[in-house]
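To keep things clear, I will list the structure first and then write my remarks on it.
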Amino acid sequence: MPELPEVETLKRALTPLVLNKRLLELNFLRKNLRFPIPSSELHKGLLNQKISAITRKGKYILIHAPDGSLLVHLGMSGRVTQAPSMKPMEKHTHALFKFEPNIYLHYIDPRCFGCLLWIPKGNGHPLLDGLGPDPIDQEITAQEMKMAAKNCSTVSIKNFLMDAKRIAGIGNIYACEALFAARIYPKKPARKINVAQWTILLSVLREILQKSIVAGGTTLRDFHSTDGSQGYYKFKLAVYGKENKPCPICNEPIKRIVQSARSTFYCKVCQK
DNA sequence: AAAACTACCTGAGTGC
DNA sequence: TGCACTCAGGTAGTTT
């Protein structure tokens, strides 16, 4: 499920469930995800501790406790669901949490590209420290983006958007959708995007992300069910996955190309 | 140094 | 029905 709006939706769904609650039980069903799960550190740092805040940076969620934070990433296929007990309900359930009074959360990730890590209080973490500004949380100015792209010799605007070191949290879908909305050709070199275009791009990007978060908001109701991945599909995609379908603006068939081994969808008439 | 590529996994979908 | 194949929303680490 996870692109930035889905992660934000998860953060919002988790907050009322676990904020100011103690973690009563913790169980890991495998040793590794993308990285080894630091099981004993997480037990030591989290058990019987009260959750003081839940924050997000890019696609990472931080669940804060007095001595440190649980860093959660969902990778490409991860989900968190609420369940009636500590008993795994689904294949690929890797971690089980019980919060007071009777809140059970299951971490499920078929491809194991996600991670669960422990960050001691006061420490940074290499996964977070290199991250660019968050397109929703922080105000990014067009001027700053223009400056950041100035020295990119060859990077396309699409690859620029997808590089978390430059802007955090923009995945393949939203990169394609934002470029379509801003009418920018995905292969255009990032350094050639002028301030006026950056202004439009940032504005449509925020708008799309916000709309998608709102769509995701409807999943809060479904959050108790086993499927936590709803809202994602409720946001209407204009170009992503629409190869050969008519462009919603001009009816030209949408093209699919490959950039850095990832599919890019765009309209060759509307995007220049 | 920057940019492109590979690897990590399982599952869904397609064509034969 | 089953097999072989392609592709998938992320990103750290390696290679060019």
Side-chain angles (χ1 to χ4, degrees), chain A residues 1-10 29-37 56-61 71-80 88 90-95 107-117 125-132 134-135 148-180 186-192 205 208-209 212-213 215-216 219 226-244 256-265:
Chain A
M1 80 173 194
E3 285 233 17
L4 188 145
E6 289 73 42
V7 177
E8 176 64 23
T9 297
L10 174 62
L29 305 180
R30 65 143 56 212
K31 287 196 170 67
N32 302 283
L33 292 166
R34 165 174 284 274
F35 308 110
I37 300 172
R56 177 187 63 74
K57 188 169 181 190
K59 291 176 198 153
Y60 293 91
I61 287 184
L71 178 64
V72 181
H73 195 286
L74 299 170
M76 246 158 114
S77 56
R79 281 181 298 135
V80 174
E90 286 185 65
K91 210 173 163 184
H92 308 300
T93 302
H94 308 312
Y107 179 97
I108 301 153
D109 182 7
R111 292 171 79 177
C112 298
F113 286 179
C115 64
L116 295 169
L117 295 170
H125 194 282
L127 292 176
L128 297 178
D129 296 343
L131 238 38
D134 189 283
K150 192 176 65 174
N151 295 321
C152 297
S153 53
T154 61
V155 184
S156 67
I157 182 59
K158 198 249 188 173
N159 285 346
F160 185 96
L161 290 179
M162 287 184 64
D163 184 345
K165 291 189 245 359
R166 303 182 143 119
I167 307 177
I170 303 175
N172 205 23
I173 293 179
Y174 293 96
C176 291
E177 293 295 318
L179 288 171
F180 175 75
K187 278 189 172 175
K188 187 168 177 140
R191 66 186 153 77
K192 289 193 177 171
L205 185 57
I208 291 170
L209 292 171
S212 192
I213 290 167
T219 46
T226 48
D227 184 4
S229 68
Q230 293 283 326
Y232 177 77
Y233 294 100
K234 291 181 180 165
F235 176 76
K236 198 166 166 11
L237 300 170
V239 291
Y240 184 84
K242 308 283 187 188
E243 186 178 15
N244 297 327
R256 183 179 86 94
I257 56 172
V258 175
Q259 290 179 277
S260 296
R262 310 303 298 274
S263 289
T264 299
F265 299 88

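In what follows, chains carry the letters A, B, and so on, assigned in the order in which the sequence lines appear, proteins first and then strands, with residues in each chain numbered from 1.
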In whole angstrom, give the distance that lies between atom [atom1] of [X] and atom [atom2] of [N].
X: Asn32(A); N: dA12(C); atom1: CG; atom2: P; value: 17 Å
X: Arg30(A); N: dC8(B); atom1: CZ; atom2: P; value: 14 Å
X: Arg79(A); N: dT10(B); atom1: CZ; atom2: C1'; value: 13 Å
X: Leu131(A); N: dT11(C); atom1: CG; atom2: C1'; value: 11 Å
X: Arg111(A); N: dT11(C); atom1: CZ; atom2: P; value: 13 Å
X: Lys57(A); N: dT11(C); atom1: NZ; atom2: P; value: 13 Å
X: Asp109(A); N: dC8(B); atom1: CG; atom2: P; value: 16 Å
X: Leu33(A); N: dA12(C); atom1: CG; atom2: P; value: 15 Å

So, do [X] and [Y] sit near enough that their side-chain heavy atoms are less than 4.5 Å apart?
X: Glu177(A); Y: Val239(A); value: yes
X: Lys158(A); Y: Cys176(A); value: yes
X: Leu237(A); Y: Phe265(A); value: no
X: Ser77(A); Y: His92(A); value: no
X: Tyr174(A); Y: Pro135(A); value: no

Within this structure, what is the NZ-CG distance for the pair Lys57(A) and Leu71(A), rounded to the nearest 0.5 Å?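 That separation rounds to 11.0 Å.
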Between atom CG of Leu205(A) and atom CD1 of Ile167(A), what is the distance when rounded to the nearest 0.5 Å?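 Rounded to the nearest 0.5 Å, the CG-CD1 separation comes to 6.5 Å.
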Between Ile170(A) and Glu3(A), what is the shortest heavy-atom contact and its length?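 Taking Ile170(A) first and Glu3(A) second, the nearest heavy atoms are C-OE1, 4.1 Å.
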Leu4(A) and Ala168(A): which non-hydrogen atoms are nearest, and at how many Å?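 Closest pair (atom of Leu4(A), atom of Ala168(A), distance): CD1-O, 3.9 Å.
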Under 4.0 Å protein heavy-atom contacts per nucleotide of nucleotides 1-6 of chain B, with B for base, S for backbone only and - for none: --SS--
Between dG9(C) and dA3(B), how far apart are the P atoms? Round to whole Å, please.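 It works out to 23 Å between them.
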Say we look at dT11(C) and dA1(B): how far apart would their P atoms be, to the nearest angstrom?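 Their P atoms lie roughly 24 Å apart.
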Taking only N and O in the side chain of [X], is any of them less than 4.0 Å away from OP1 or OP2 of [N]?
X: Tyr240(A); N: dG9(C); answer: yes
X: Lys91(A); N: dG11(B); answer: yes
X: Arg262(A); N: dT11(C); answer: no
X: Tyr60(A); N: dA12(C); answer: yes
X: His92(A); N: dT10(B); answer: no
X: Lys59(A); N: dT11(C); answer: yes

Any sub-3.5 Å donor-acceptor pair from [X]'s side-chain atoms to [Y]'s backbone N or O?
X: Arg191(A); Y: Thr154(A); value: no
X: Asp134(A); Y: Gly169(A); value: no
X: Gln259(A); Y: Asn159(A); value: no
X: Ser212(A); Y: Ile208(A); value: no

Could you list the protein-to-nucleotides 2-7 of chain C atom pairs, N/O on both sides, closer than 3.5 Å?
none

Between Phe113(A) and dC9(B), do the rings stack, that is, sit under 5.5 Å apart with planes less than 30° off each other?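 Base of dC9(B): not stacked against Phe113(A).
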In this structure, which stretches of DNA chain C are paired as stems of three or more consecutive Watson-Crick or G-U pairs, both distances less than 3.5 Å?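 Output for stems: B:2-8 with C:10-16, B:10-16 with C:2-8.
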Per Phe35(A) side chain, nearest of listed nucleotides dG13(C), dC9(B), dT11(C):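 Closest nucleotide to the Phe35(A) side chain: dG13(C).
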